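Below you'll find the structure, written out as structure tokens, and then a few comments.
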Amino acid sequence: MAVDITNRQFIAQLIEKERREHRSGGRWVIVPIVAMIIAYLTPLYYLFVTIFKTSQEYARKGVLELPDSLAPIVDNVVQAWTIANMGQASLNSFSYAVIGAAIAVGIAAAAAYGMTRLNLIGANGWFMLIFTGTLFPFQMYLVPLLFGYQRVGIINSWGGMLLVYVALCIPFPLLVLRNAFSGITKEVDEAARIEGASEWRVFTSMILPNATGPLIALYLLQFTFIWNDLLFSSILANGIEVRSIMVALQSLQGTYSTLGPNVVITATLISSIPTVLLFVALRKYFMAGLQLGSK
């Protein structure tokens with residue numbers, strides 16, 4: 001069937017028909033989007049209305065009802081902070097996350113440099129050996145670690161927890177940095193060696209600056225993993241002096257806890273502040289790092 005494209009009325013009818021179909025389809029697209037937004041915002045709404053309620057008010061009202069005032073949040077924060085000893089727990093988790101993530105990413109960067117720039121014998125085999133540890137569930141390591149830590153005498157110790165976090169956080173950064181370093185042309189470090197630069201100078205002055213994005217992104221991810229860990233910290237370091245923030249939160253809702261959900265949720269909100277602030281402060285580098293050093 002021939003179509004006369006010079007017929008303006010016919011063309012206008014086609015355009016109007018296309019617009020109607022587009023508007024009709026757009027309405028159906030909006031429905032799941034709105035449903036997803038509501039499903040995402042409902043827990044946040046529940047969180048923010050709960051932290052402003054007293055325990056009696058929470059038990060009397062519906063969980064989604066607005067609070068009578070904003071004053072109860074002060075008492076909720078004080079109870080959460082003192083009863084769970086969140087000050088010491090936050091300091092412990094912060095030290096584990098800051099130092100453990102830095103050491104793990106640093107070791108992974110050095111290993112990735114050796115595997116990609118120094119032509120080490122069996123580099124792929126070493127990589128597979130290190131990365132294979134992530135293929136198994138972490139729960140498999142708990143019993144051997146527990147008995148090993150007890151035998152060595154580092155159970156419930158700061159150094160023991162730092163050691164296990166460093167070991168757990170090396171494989172994934174190694175995978176990412178191995179790919180990132182491989183994308184950097186070797187002419188960069190070859191030119192530096194011709195000028196007399198040592199391998200350490202090449203590594204620190206030529207390679208690492210070209211992988212700033214991936215390095216910071218990996219640091220943020222490993223910091224978050226360590227900060228949010230409950231599995232290893234609850235088994236290997238549940239003493240008050242060395243326990244993590246997540247173990248402190250767990251103590252607020254145990255069998256013998258008499259605290260209401262308002263205090264527990266307030267403590268949860270407090271514990272999320274450091275990671276949120278860190279992501280906000282370094283979001284530019286994090287987004288660049290998601291490109292895995294392609295730029």
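These figures come from a predicted structure and were not determined experimentally.
In this structure, CD1 on I265 lies 4.5 Å from OG1 on T50, to the nearest 0.5 angstrom. Between the CG atom of L252 and the CE atom of M86 there is a distance of 7.5 Å, given to the nearest 0.5 Å. We find the CG-CE distance between L135 and M128 to be 7.0 Å, quoted to the nearest 0.5 Å. Considering CG of L44 and CG of L269, their distance stands at 10.0 Å, rounded to 0.5 Å. Note that OH of Y113 and CD1 of I184 are 10.5 Å apart. Values are rounded to the nearest 0.5 Å. Within the model, atoms CD1 of I170 and CG of L177 stand 11.5 Å from one another, a figure rounded to the nearest 0.5 Å.
Linking ILVMFWY residues whenever their side-chain heavy atoms come closer than 4.5 Å, directly or via other members, leaves L221 and V276 in distinct clusters. The hydrophobic cluster containing M140 also contains L145, counting ILVMFWY residues as joined when their side-chain heavy atoms lie under 4.5 angstrom apart, directly or transitively. There is a path of hydrophobic side-chain contacts, each under 4.5 Å, that joins Y58 to L70. The hydrophobic clustering, which links ILVMFWY residues whose side-chain heavy atoms are closer than 4.5 Å, places V74 and V77 together. If you chain together hydrophobic residues whose side chains sit under 4.5 Å apart, I240 and L249 never meet in one group.
Between P214 and A180, the closest heavy-atom pair is CG-CB, 4.3 Å. Here the shortest heavy-atom pairing between A39 and P43 reads O-CD, 3.1 Å.
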Do Y45 and V49 pass the side-chain contact (heavy atoms from CB on, under 4.5 Å) test, and can you show the C-alpha distance, the side-chain angles, and the key distance before you say yes or no? CA-CA 6 Å; Y45 172 78; V49 298; 3.6 Å; yes
- Task: Decide side-chain contact (heavy atoms from CB on, under 4.5 Å) for N85 and R243; before the verdict, give the C-alpha distance in whole Å, the side-chain angles of both, and the deciding distance to 0.1 Å.
- Result: CA-CA 10 Å; N85 195 20; R243 70 181 181 181; 4.1 Å; yes
Going through the checks in order, is the side-chain contact (heavy atoms from CB on, under 4.5 Å) test met by M115 and L174? CA-CA 10 Å; M115 292 177 183; L174 176 59; 4.1 Å; yes
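Between Q250 and I245 the shortest side-chain heavy-atom distance does not fall below 4.5 Å. In this structure, P72 and N262 have side chains that are not in contact, with every pair of non-hydrogen atoms separated by 4.5 Å or more. Taking the side chain as every heavy atom from C-beta outward, F181 and N210 never approach each other to under 4.5 Å. In this structure, F223 and F94 have side chains that are in contact, with non-hydrogen atoms separated by less than 4.5 Å. In this structure the side chain of R117 reaches within 4.5 angstrom of the side chain of K186, judged on heavy atoms. Using a 4.5 Å cut-off on side-chain heavy atoms (C-beta onward), F52 and S69 make no contact. M246 places none of its side-chain heavy atoms less than 4.5 Å from the side chain of S93.
Not counting sequence neighbours, E190 has no partner by the salt bridge (charged side-chain N to carboxylate O under 4.0 Å, His left out) test. R193 is linked by a salt bridge (charged side-chain N to carboxylate O under 4.0 Å, His left out) to D189, E199, counting only residues two or more places apart in sequence or in another chain. Residues passing the ring pair (Phe, Tyr, Trp, His ring centres under 6.0 Å) test with F147: none are found, sequence neighbours excluded.
Other residues, nucleotides and ligands contribute only 12 or fewer heavy atoms inside 6.0 Å of the CD1 atom of I121.
A donor-acceptor pair is defined here as one N or O able to donate and one able to accept, closer than 3.5 Å; such a pair exists between the side chain of W227 and the backbone of S271.
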Hey, can you pull the donor-acceptor pairs under 3.5 Å for the side chains in residues 60-67, sequence neighbours left out?
unit_1 : atom_1 : unit_2 : atom_2 : d
R60    : NH2    : D68    : OD2    : 3.4
K61    : NZ     : E57    : OE2    : 3.4
K61    : NZ     : L66    : O      : 2.9
K61    : NZ     : D68    : OD1    : 2.4
E65    : OE2    : G62    : N      : 3.1

For residues 229-239, which side-chain N or O atoms pair as donor and acceptor with protein atoms under 3.5 Å away, sequence neighbours left out?
unit_1 : atom_1 : unit_2 : atom_2 : d
D229   : OD1    : L231   : N      : 3.4
D229   : OD1    : F232   : N      : 3.4
D229   : OD2    : Y165   : OH     : 2.6
D229   : OD2    : F232   : N      : 3.4
D229   : OD2    : S233   : N      : 3.1
S233   : OG     : D229   : O      : 3.1
S233   : OG     : L230   : O      : 3.4
S233   : OG     : S244   : OG     : 3.0
S234   : OG     : L230   : O      : 2.7
S234   : OG     : L231   : O      : 3.0

Can you give each donor-acceptor pair under 3.5 Å made by side-chain atoms of residues 95-105, sequence neighbours left out, with the distance rounded to 0.1 Å?
unit_1 : atom_1 : unit_2 : atom_2 : d
S95    : OG     : L91    : O      : 3.2
S95    : OG     : N92    : O      : 2.7
S95    : OG     : W158   : NE1    : 2.9
Y96    : OH     : V242   : O      : 2.8

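Aromatic ring orientation, F131 versus F127: parallel (interplanar angle below 30°, classes split at 30° and 60°). Ring geometry for F138 against Y141 counts as tilted: the plane angle lies between 30° and 60°, on a 0 to 90° scale.
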